[in-house]
Amino acid sequence: MSLDALPGFREFYPAELAERNFIIGAWREVARRYAFAEYDGPPLEPLELYTKKSGDEIVGQLYSFTDKGGREVALRPEMTPTLARMVAAKANALRKPVRWFSIPQLFRYERKQRGRLREHFQLNVDIIGEADVTADAELLSVAIDIMRAFGLTSSDVRARVSDRGLLRGLLVLTGITDDMLPGVYAVVDKMDREPRASLETKLRAAGLHDVFIARVFEVLKHPDLATLRERYGDVPELREDFTRLSRYFEYLDALGVGDWVEFDLSIVRGLAYYTGIVFELFDAKRELRAICGGGRYDSLLKQLGGADLPALGFGMGDVVLGELLRARGRMPEWKPSVDVWVAYGDAALLDDAMRIARRLRDQGRAVEYASGGQQLSRQLKAADAAGAREVLVLQPADLERGEAVVRRLADGTETRVRLDEWIGGR
RNA sequence: GUGACCGUAGCUCAAUUGGUUAGAGCACCGGACUGUGGCUCCGGGGGUUGGGGGUUCAAUUCCCCUCGGUCACCCCA
């Protein structure tokens, strides 16, 4: 019988947990700088929370089961339904815009592969109750500033931005109707990854006639914003979209992140509920999966049975990000750390070592000492292995005078100190 | 869910066409070393060769099944 961890679930040894904490620490710090407040919800939710509403993408991969009370439940695969419920419950009482973030552990029942497990930690940052594009700029700025907090630059990571509103507007111009849009979006998402023939097949399956298919390809031939504006800027139905995007890029510049961002109409994002500007963060070398993705989902909260508030947000997982940080040398190497190792030259001094350890710990120092009666050389060796910065060496004769020797392990220098002063003054 | 490739110690690897008791480095523990760590030398623990079955006098090696891993697809956080 194998008692290994379940497939897709991680065990965090100290070195790995240090990495996870490093990532989560940076997430919290940047979110704090943007004045977002942290919240959390239950890791286990009623299955219905995820199956009832559309979100078909997720349903097939739910980590769900029947609990002992006969309830159909699921480990949370995403945070948004929980967030929607929490906001709805106090919608009128909350100051708008709501600026919240959370770092839930999320679960999916699917096959493990690179950058994708059955469990991960994901930063969720959301702004609720703000329809203006300023919020879109603010949101992307958070994501990019997190990259900067890790020491990554705009040549390590790129943000690609699109606008579902503009894309929809362009497609509607070609005569495509709203019921065809989901199928078209799915194809747009794969535009540069699949041959045209298979894309056409899928468009036909989505109910498009050949004449529409040709128009779709025509619209998407030039996905950059300048060309689009040149060709479609005068179309009245699209004027608002172009204005919104202009302001968006203007604000991103003002927030100091403009040079990380490029427009690409073919960015769609898989989730069907996005309604406006969407974005993804990628490593510039395109070796990894998306680091982060998000956008505006103005009608989702209402669909989820919550408040009718405009909203936008992004998710950023720890798995791909961790891979990127390691690959770019931005993940600090964990090493054990002890402030003071108390060593004793005579086994009879163990009690004294303990008393001194206690006083040092009261001062907030990380203190360790050897168990009974090891020879001094062994204690020093152990102190070194434990990553101790200083060793306090106790000897019977010194101790009688209230003194001890402090050895700095980095360079071996030793100082004779008065114990009370040395402990008390720290 | 589909397909391809790969499984030898905690890690990285070795083991002659199938041939003795499956080895080495690193790591870990201990000794040399009872007033001082890193270096060195010596020693130790640790393997059902992922598991099961088959072929054979003999299987880490060949075959089948299974489990696990990696990658891609699907999908996407």
Side-chain angles (χ1 to χ4, degrees), chain A residues 1-8 11 13 15 50 55-63 75-81 102-125 143 185-186 189-190 193-194 198 202 268-274 278 280-281 287-295 313-321 338 341-349 370 372-399 404-414 416:
Chain A
M1 175 167 67
S2 168
L3 292 177
D4 291 341
L6 291 168
E11 294 176 308
Y13 286 82
Y50 307 111
D56 295 334
E57 298 89 351
I58 290 165
V59 174
Q61 300 171 340
L62 281 172
Y63 213 113
L75 290 165
R76 59 185 174 193
E78 58 164 334
M79 202 58 183
T80 306
S102 188
I103 305 178
Q105 188 174 20
L106 304 178
F107 305 86
R108 294 270 174 101
Y109 196 89
E110 62 179 349
R111 196 141 157 193
K112 176 185 185 303
Q113 52 186 296
R114 186 177 188 201
R116 215 170 156 85
L117 309 169
R118 287 186 171 177
E119 144 277 316
H120 75 151
F121 290 86
Q122 187 193 60
L123 170 67
N124 277 247
V125 177
Y185 287 160
D189 189 42
K190 294 173 177 54
R193 279 176 287 166
E194 282 186 32
S198 83
K202 285 179 180 170
V268 172
R269 302 295 303 147
L271 295 174
Y273 55 65
Y274 288 115
V278 294
E280 295 180 338
L281 258 50
E287 290 167 348
L288 305 170
R289 292 169 176 279
I291 299 160
C292 163
F314 71 78
M316 181 186 296
D318 70 314
V319 179
V320 175
L321 181 57
V338 171
W341 184 286
V342 184
Y344 42 96
D346 185 313
L349 298 183
Q374 294 182 7
Q375 41 180 292
L376 197 52
S377 69
R378 176 144 302 281
Q379 295 181 51
L380 267 291
K381 191 178 287 202
D384 184 54
R389 293 194 294 106
E390 292 179 319
V391 177
L392 184 66
V393 183
L394 307 180
Q395 296 293 352
D398 295 342
L399 214 50
V405 168
V406 175
R407 181 179 180 87
R408 273 213 320 242
L409 286 189
D411 54 17
T413 58
E414 296 198 345
R416 184 167 293 273

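Computed from a predicted structure; not experimentally measured. Naming: A, B, ... by sequence-line order, numbering from 1 per chain.
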Say we look at B/A9 and B/U60: how far apart would their C1' atoms be, to the nearest angstrom?
14 Å
How far, in whole Å, is B/G25 from B/A15 if one measures between their C1' atoms?
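Here B/A15 and B/G25 have their C1' atoms 15 Å from each other.
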What is the separation between atom OH on A/Tyr13 and atom C1' on B/C28, rounded to the nearest whole Å?
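It is 14 Å, rounded to the nearest whole Å.
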More than 12 heavy atoms of other residues, nucleotides or ligands under 6.0 Å from OH of A/Tyr109: yes or no?
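No.
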More than 12 non-hydrogen atoms from neighbouring residues, nucleotides or ligands closer than 6.0 Å to CZ on A/Arg408, yes or no?
no
Residues two or more places apart in sequence or in another chain: which of them pass side-chain hydrogen bond (donor to acceptor under 3.5 Å, both in side chains) with A/Asp384?
none
Return the minimal non-hydrogen interatomic distance between A/Trp341 and A/Ala388, and the atom names on each side.
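In this case the closest contact between A/Trp341 and A/Ala388 is CB-CB, 3.9 Å.
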ring-ring contact (aromatic ring centres under 6.0 Å, His included) involving A/Tyr185 - partner list, sequence neighbours excluded:
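With sequence neighbours excluded, A/Tyr185 shows a ring-ring contact (aromatic ring centres under 6.0 Å, His included) to no residue whatsoever.
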Within 45° cone and under 6.0 Å: A/Arg118 NZ/CZ vs A/Phe107 ring
no
Reading nucleotides 29-38 of chain B from the 5' end, what letters show protein touch, with B for base, S for backbone sugar-phosphate only, - for no heavy atom under 4.0 Å?
-SSSBSBBBB
Would you sketch RNA chain B in dot-bracket for me? Only Watson-Crick or G-U wobble pairs with both distances under 3.5 Å count, crossing pairs as [ ], other-strand pairs as |, the rest as dots.
(((((((..((((.....[...)))).(((((.......))))).....(((((..]....))))))))))))....
Sequence neighbours left out, what passes side-chain contact (heavy atoms from CB on, under 4.5 Å) with A/Pro396? Give chain and number order.
A/Asp346, A/Leu349
Between the protein and nucleotides 65-69 of chain B, list the N/O to N/O atom pairs that are separated by less than 3.5 angstrom.
none

Which part of the nucleic acid does A/Leu117 contact within heavy-atom distance under 4.0 Å: base, sugar-phosphate only, or nothing?
base
Heavy atoms only, 4.0 Å cut-off, all strands: where does A/Glu110 land among base, sugar-phosphate and nothing?
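Touches a base.
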Indicate yes or no for a side-chain donor-acceptor contact from A/Gln379 to the backbone of A/Tyr344 under 3.5 Å, with no hydrogens or angles considered.
yes
